[in-house]
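The structure presented is a predicted model; accordingly, all values stated were derived computationally and were not measured.
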Amino acid sequence: MRALLLCSCLALLPRPGGSQPFLRLRPSPSDNLPVKDIVEHPDPEYDPKEQDLDERTLRKKLGAHFDPGFMAVAAPGNASGPAGAARGRAALPSELRRLEPGPRLRLGKKARRKVLQWLWAHTRCPVLYAWKDLGVRFWPRYIKEGNCLAERSCSLPEGMFCKPVRSVTKTFLRWHCQGWSSQKYCTWIPVQYPLIAECKCSC
């Protein structure tokens, strides 16, 4: 799986009395998801001002890329959980429904269903979503980011773990500055942010 991963790239800007590192966002290929927190330049001079945060203007600039299912302008609730049905109650996959016990193990229909449900509850790999604050230099500021369950093994016998196998990208606006001091130029630019879309039990 290859995905465009947002990362911080160092560039030096001259400052009185020395140089100050300025972090800029650039896309870079990577297999590591979810995206790590981006280290920002602490100077608020590089933050967008109130006039740069007009929601109507930014919605128009982002256009059809605005996805309310995965992005939010204001802080959303803290609800998080697996994609789809709750863990242990999701529909059994077809390959598991076709699984038959060995000839020495005779199970009734109800017992067989309970065994398969138990097996699925302990081996499935849902995408667990939680809202993340990207900071004032992204718009929309909040993203619903996915993670793979990694607290325990997903295989019997143990040894395999849930890992990302598919990602999707969402387009956000990134406040980007060039230059320094009063001569700098800042504007919103579109950037792609990869999100985990599917997890699978894997070595």
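Side-chain contact check for Glu151 versus Leu149: some heavy-atom pair is nearer than 4.5 Å. Residues Val168 and Pro194 form no side-chain contact, since every pair of their non-hydrogen atoms from C-beta on lies 4.5 Å or further apart. No side-chain heavy atom of Val191 sits less than 4.5 Å from a side-chain heavy atom of His176. Residues Cys177 and Tyr185 are not in side-chain contact: their nearest non-hydrogen atoms beyond the backbone lie 4.5 Å or more apart.
Put simply, SG on Cys186 and NZ on Lys49 are 7.0 Å apart, with the number rounded to the nearest 0.5 Å. Here the straight-line distance linking atom CD1 of Ile189 with atom CG of Leu173 works out to 9.0 Å at 0.5 Å rounding. Taking CG of Leu53 as the reference point, atom CZ of Arg141 lies at 9.5 Å (rounded to 0.5 Å). Separating the NZ atom in Lys132 from the CG atom in Asn147 is a distance of 9.0 Å, to the nearest 0.5 Å. In this structure, the separation between CG on Leu33 and CD on Glu145 is 8.5 Å, given to the nearest 0.5 Å.
Between Glu45 and Lys184, at least one side-chain N (NZ, or NE/NH1/NH2) sits under 4.0 Å from a carboxylate O, which counts as a salt bridge.
No continuous path of ILVMFWY side-chain contacts below 4.5 Å connects Phe161 to Val127, so the two sit in separate hydrophobic clusters.
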Given side-chain contact (heavy atoms from CB on, under 4.5 Å), test Trp139 with Glu55 step by step and report yes or no. CA-CA 9 Å; Trp139 196 94; Glu55 182 175 342; 3.8 Å; yes
Apply side-chain contact (heavy atoms from CB on, under 4.5 Å) to the pair Trp131 and Ile143, showing each step before the final yes or no. CA-CA 6 Å; Trp131 286 100; Ile143 186 170; 5.5 Å; no
Enumerate donor-acceptor pairs with a distance under 3.5 Å from any side-chain N or O in residues 195-203 to protein atoms, sequence neighbours excluded.
{"residue": "Glu198", "atom": "OE1", "partner": "Arg166", "partner atom": "NE", "Å": "3.2"}

Side-chain polar contacts of residues 60-76 - donor-acceptor pairs under 3.5 angstrom, sequence neighbours left out - could you list them?
{"residue": "Asp67", "atom": "OD1", "partner": "Gly69", "partner atom": "N", "Å": "3.0"}
{"residue": "Asp67", "atom": "OD2", "partner": "Lys170", "partner atom": "NZ", "Å": "2.7"}

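Side chain of Ser155 to backbone of Met160: a donor-acceptor contact under 3.5 angstrom is found.
Cys pair Cys162 and Cys125 passes the test of SG atoms under 2.5 Å apart.
Around atom CD of Gln51, more than 12 heavy atoms belonging to other residues, nucleotides or ligands sit under 6.0 Å away.
No donor-acceptor contact under 3.5 angstrom links the side chains of Glu40 and Tyr46, judged on distance only.
Annotation: Trp175 is in aromatic contact with Trp188 [ring centroid separation under 6.0 Å].
Between Tyr193 and Phe138, the two ring planes are perpendicular [angle over 60°; tilted spans 30° to 60°].
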